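A quick write-up on the structure given underneath.
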Amino acid sequence: MEIKIKTRYISQEFFINFLFAVGITVFIFSLDAVFQIIEVLVKGTFYPVIVFCIFFLTLFSSFLYIIPLSFLYASSSLFSRLAIDRETLIFSSSGINPYRLTTVLIIFAFIGSLLLFLFNFFLLPEMSYKRREMIYRLQFKNPLSLLQEKNTTTDIPGITIYIEKIKPSYKMKNISITYKEMEKIHFLKAESGRANYDPATNQMIFNLQNGFLIIYDSVQTISKLDFANYRLVLPLPDNFSTQGSIKPKVSEMRITELLSSNGIREKIEIQKRIIFSVIPIVFVLIGTSLGIRLQQESRLLHIGIGGGIAMLFLQLVVFGEVLSYKTELSLFVWLPVFILLIIWGFLK
């Protein structure tokens with residue numbers, strides 16, 4: 001009964017620190033997502049839905065790092081406070097080894113690792129690919145971005161467009177369009193309308209209201225058509241198309257695609273996904289021993305140390321990848337895990 005009480009107490013304290021760490025790291029990684037969006041928008045066209053999707057996909061992809069970092073901070077902060085308040089001594093005097101208290105944390109880390117395993121193998125690749133595809137399409141020179149108020153657009157071969165006023169969502173006023181079709185020159189003028197671009201068919205679509213269409217043929221015959229509503233579809237050259245130009249990277253491949261290949265890159269990628277899944281357990285072990293030794297309540301200090309350990313881990317992952325490519329043995333990717341376990345052994 002006594003041990004159950006202590007376990008509940010440790011669990012509550014751990015989750016308070018864990019939620020705090022999640023909040024801080026989500027805020028930090030959200031700033032990175034914002035900066036990425038700003039960088040993309042410099043060369044792209046603003047589409048609110050796409051921008052928000054990129055933001056959330058970037059943020060959710062960061063849970064690969066957020067969850068392990070939160071386990072590291074929560075365990076080190078918790079045991080550091082327990083050591084400062086002499087609670088570890090109280091547990092010891094009650095016949096409870098302080099390191100026995102890590103059992104419940106390891107259980108939490110094991111559950112977190114299972115969730116990360118599913119996330120890394122099934123959700124993250126799809127999210128990463130979708131985000132890169134959206135960024136590509138946003139950076140792509142969308143034909144609609146060529147339309148400017150009170151400027152004549154001639155960037156599209158064979159088409160001249162002049163628009164007096166452009167509002168959000170490409171609502172327009174006083175539109176003039178000249179284009180050639182079947183050896184005939186078409187001049188179209190409308191009071192208002194809206195423009196859209198369909199990337200699937202690579203067509204620019206104008207839905208126009210209240211205007212007229214004049215057609216000149218080769219023998220100078222003129223035809224005029226007045227309209228209340230008119231839909232103009234302009235096929236664009238192939239260099240405006242984005243279809244079929246995005247292929248998934250190795251990090252974006254599905255598990256079935258990775259297993260079907262015997263390449264060293266695919267083998268390394270599988271090992272990396274497993275490592276990033278089990279690292280919360282390693283971080284809990286290191287955080288517990290580190291917290292007892294630090295005996296500091298400063299949250300900023302624990303966040304800084306956690307960030308330093310995470311940076312060391314990432315550098316070791318890169319080093320392990322290099323060794324794996326050199327030797328063609330994917331097991332070298334596990335080097336950071338072994339080194340961190342050795343560090344934990346010295347701390348313990």
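These numbers come from the heavy atoms of this one structure, side chains and all, not from hydrogens, waters or symmetry mates. Computed from a predicted structure; not experimentally measured. Note that the numbering runs from 1 along the sequence shown for the chain.
Atom CZ of Phe110 is surrounded by 12 or fewer heavy atoms from other residues, nucleotides or ligands within 6.0 Å. Around the CG atom of Leu300, the shell of radius 6.0 Å holds no more than 12 heavy atoms that belong to other residues, nucleotides or ligands. Within 6.0 Å of CZ on Phe56 lie no more than 12 heavy atoms contributed by other residues, nucleotides or ligands. Annotation for Phe187: atom CZ counts as buried by contact number, over 12 foreign heavy atoms lying within 6.0 Å.
His302 and Tyr73 have perpendicular rings, their planes meeting at more than 60° on a 0 to 90° scale where under 30° would count as parallel. A perpendicular orientation is assigned to the rings of Phe18 and Phe15, their planes being inclined by more than 60° (bins at 30° and 60°).
Side-chain contact between Thr152 and Ile161 is absent, with no heavy-atom pair separated by less than 4.5 Å. Two residues are said to be in side-chain contact when any heavy atoms from C-beta on lie closer than 4.5 Å; Ile67 and Phe119 fail this criterion. Annotation: side chain of Ile163 is not in contact with side chain of Asn174 (no heavy-atom distance under 4.5 Å). At least one side-chain heavy atom of Met134 sits less than 4.5 Å from a side-chain heavy atom of Leu57. Between Tyr179 and Ile185, the closest side-chain pair of non-hydrogen atoms is not below 4.5 Å. With contacts defined as side-chain heavy-atom distances shorter than 4.5 Å, the pair Leu78/Leu82 qualifies. Contact of the Ser61 side chain with the Leu124 side chain is registered, since non-hydrogen atoms from C-beta on lie closer than 4.5 Å. Using a 4.5 Å cut-off on side-chain heavy atoms (C-beta onward), Tyr197 and Gln203 make no contact.
A salt bridge links Glu269 with Arg273: the distance from a Lys NZ or Arg NE/NH1/NH2 to an Asp or Glu carboxylate oxygen falls below 4.0 Å.
In this structure a side-chain-to-backbone donor-acceptor pair under 3.5 Å is present from Ser80 to Gln296. Between the Glu257 side chain and the Arg254 main chain, a donor and an acceptor come within less than 3.5 Å of each other. Side-chain atoms of Glu252 come within 3.5 Å of backbone atoms of Lys249 as a donor-acceptor pair (strictly under, hydrogens ignored). Judged by distance alone, with hydrogens and angles left aside, the side-chain atoms of Ser128 form no donor-acceptor pair with the main-chain N or O of Pro125 at under 3.5 Å. A donor-acceptor pair under 3.5 Å is formed between the side chain of Asn202 and the backbone N or O of Leu236. At least one donor-acceptor pair closer than 3.5 Å links the side chain of His186 to the backbone N or O of Lys184. No donor-acceptor pair closer than 3.5 Å links the side chain of Thr102 to the backbone N or O of Leu105.
Both Leu314 and Phe283 are part of a single hydrophobic cluster, where members link through side-chain heavy atoms under 4.5 Å apart. Linking Ile, Leu, Val, Met, Phe, Trp and Tyr whenever their side-chain heavy atoms come within less than 4.5 Å puts Phe319 and Val282 in one cluster.
Cation-pi contact between Lys224 and Phe212: present, with separation from the ring centre below 6.0 Å and deviation from the ring axis of at most 45°. Arg299 forms a cation-pi arrangement with Phe20, by the criterion of a distance under 6.0 Å to the ring centre and an angle within 45° of the ring axis.
The minimum heavy-atom distance linking Leu147 with Thr153 is given by the pair CA-OG1, 4.0 Å.
Its side chain within the 4.5 Å cluster rule, Ile342 clusters with Phe346 among the Ile, Leu, Val, Met, Phe, Trp and Tyr residues.
Atoms CZ and CG, from Phe122 and Asn120 in turn, are 10.5 Å apart once rounded to the nearest 0.5 Å. Between Leu188 atom CG and Leu208 atom CG the span is 5.5 Å, to the nearest 0.5 Å. Taken from CG in Leu59 to CE in Met127, the straight-line distance is 8.5 Å, to the nearest 0.5 Å. Interatomic distance, Arg132 CZ to Lys247 NZ, rounded to the nearest 0.5 Å: 11.5 Å. One distance of note links CH2 of Trp344 with OG1 of Thr288; it measures 9.5 Å at 0.5 Å rounding. With rounding to the nearest 0.5 Å, the separation of CH2 in Trp334 from CD1 in Ile339 is 14.0 Å.
No option in Ser75, Ser77, Ser76 other than Ser77 meets the side chain to side chain donor-acceptor pair (under 3.5 Å) test with Asn17.
Applying the salt bridge (charged side-chain N to carboxylate O under 4.0 Å, His left out) test to pairs two or more places apart or on separate chains, none has a residue in residues 280-297.
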Self-check item: From CA spacing to verdict: ring pair (Phe, Tyr, Trp, His ring centres under 6.0 Å), Phe276, Phe313
Solution: CA-CA 10 Å; Phe276 275 95; Phe313 167 73; 5.4 Å; yes
Practice problem: Test Lys267 against Glu328 for salt bridge (Lys or Arg N to Asp or Glu O under 4.0 Å), laying out the working first. | Solution: CA-CA 9 Å; Lys267 291 179 180 179; Glu328 295 191 357; over 6 Å; no
